[in-house]
There are 2 protein chains.
Amino acid sequence: MQQITGPRADRMTIGELSQLTGVNIETIRYYEKIKVLPVALRAENGRRVYGPTERRILAFVRRSRELGFSLDEVRALLRLGGPDKASCREVREIAARHLDDIRARIGDLRKLERLLTKTVAQCTGTTAPDCPVLDILDVQGSK
Amino acid sequence: MQQITGPRADRMTIGELSQLTGVNIETIRYYEKIKVLPVALRAENGRRVYGPTERRILAFVRRSRELGFSLDEVRALLRLGGPDKASCREVREIAARHLDDIRARIGDLRKLERLLTKTVAQCTGTTAPDCPVLDILDVQGSK
DNA sequence: CCTTGATCCTGTAGTCACTACAGGATGTAG
DNA sequence: CTACATCCTGTAGTGACTACAGGATCAAGG
């Protein structure tokens, strides 16, 4: 009688999982502790054992984090993609909200980029008594 | 005999400084502790007293933080703008490096925006068995 | 003079998403 | 059998704050 998880070849240690997914070992344990990942099965010696399902979940978490989702959002997405993967609508809402955040951040950063570019351009780079960078930062009422 | 700091009207409490600069009281004390701000003078009752100079410094710190400089960078800028404000070149270098960071971040965010936009657009919003958002996140080898 | 409420003080702990390390128990190769 | 790698738990550190506990002091009103 085999395990449901499949053949031996698919069962891996935390180190192997780390290599395959590019997620730090300590981070994997951390994800388990804060319930982003399910509690891992243990071998007889007490070490964590992972299968392809865990690998898929962790890859999903990693990708989501790369896309800037918070761990809270990732937890929500995992719940929605889980057993009763009912509401694609909810998933879309989370992603759309996140997209709004990203657009706002891009806008802020570009404003900032323009300001800094302009300022640095004024800079001669020589030793000067009135540095425009310090000046622009120094203005008190410019918010 | 007057204090060097000037007339009474310019001397303010931490609460007033907080109001004027928009920086949280706890944050001001925090900045002092980690040496972003100089140690504040104290009144006879032990309370912190601030003058226009401190106000200018704190406004500078606030502005820099808004522009995304780290507190380490702010400390460096303050040092450079301080007693011997010699090297505008160094200031420019810090600002330029920071600008590179900002541009890189904008690039990343825009890539991410395109990907998420495309994906969310594919979403019908109805209850579907294969949600494209979860799908795109689910792909294991797409790094 | 006394009370009330605002403001201040110090110090500690919590946040997010990890990372790093201490100190110990196993596993694997030569 | 001895190295050395890998794993385990648990705690503490990071950056830039925020929040709170527990106490002192101040300003205004009765």
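Quick note on labels: first sequence line is chain A, next is B, and so on, each numbered from 1.
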Give the rounded distance in Å between these two atoms: [atom1] of [X] and [atom2] of [N].
{"X": "I28(B)", "N": "dA16(D)", "atom1": "CD1", "atom2": "P", "value": "17 Å"}
{"X": "I14(B)", "N": "dA6(C)", "atom1": "CD1", "atom2": "P", "value": "19 Å"}
{"X": "F69(B)", "N": "dG15(D)", "atom1": "CZ", "atom2": "C1'", "value": "17 Å"}
{"X": "R62(B)", "N": "dA16(D)", "atom1": "CZ", "atom2": "C1'", "value": "15 Å"}
{"X": "L17(A)", "N": "dC8(D)", "atom1": "CG", "atom2": "P", "value": "11 Å"}
{"X": "E32(B)", "N": "dC17(D)", "atom1": "CD", "atom2": "C1'", "value": "16 Å"}
{"X": "K35(B)", "N": "dA16(D)", "atom1": "NZ", "atom2": "C1'", "value": "17 Å"}
{"X": "E66(A)", "N": "dA17(C)", "atom1": "CD", "atom2": "P", "value": "15 Å"}

With respect to the phosphate group of [N], does any side-chain polar atom (N or O) of [X] fall under 4.0 Å of OP1 or OP2?
{"X": "R42(B)", "N": "dT25(D)", "result": "no"}
{"X": "T27(A)", "N": "dT19(C)", "result": "yes"}
{"X": "T13(B)", "N": "dC8(C)", "result": "yes"}
{"X": "R75(B)", "N": "dA16(D)", "result": "no"}

Of E16(B) and K33(B), whose closest DNA chain C nucleotide lies nearer the 5' terminus?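 Its nucleotide being nearer the 5' end, the pick is E16(B).
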The residue, E44(A) or Y30(A), whose nearest nucleotide of DNA chain C is more 5′ is Y30(A)
Looking at E26(A) and dC7(D), is any side-chain donor or acceptor paired with a base atom of the opposite kind under 3.5 Å? no
Map N45(B) and Y31(B) onto DNA chain D by nearest heavy atom, then report which one ends up closer to the 5' terminus.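 The 5'-side residue here is Y31(B).
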If you assign each of R65(B) and R29(A) to its closest nucleotide in DNA chain D, which residue comes earlier from the 5' end?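 Between the two, 5'-proximity favours R29(A).
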Give I34(A) one of three labels, base, sugar-phosphate or nothing, depending on what nucleic acid heavy atoms sit under 4.0 Å from its own.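 Here I34(A) touches no strand at all.
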Is it the case that T21(B) and R56(B) place a side-chain donor and acceptor less than 3.5 Å from each other? no
Identify the heavy atoms of V36(A) and R75(A) that sit nearest to each other, and give their distance.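 Heavy atoms of V36(A) and R75(A) come nearest at CG2-NH1, 3.7 Å.
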R47(B), nearest nucleotide to its side chain (from dC8(D), dC20(D), dC8(C)): dC8(C)
Starting at CD1 of I57(A), measure out to CG of L37(A) and round the result to the nearest 0.5 Å. 7.0 Å
Would you please name every residue forming a side chain to side chain donor-acceptor pair (under 3.5 Å) with Q19(B), sequence neighbours left out? none
Would L78(A) and I34(A) show up in the same hydrophobic cluster when neighbours are defined by side-chain heavy atoms closer than 4.5 Å? yes
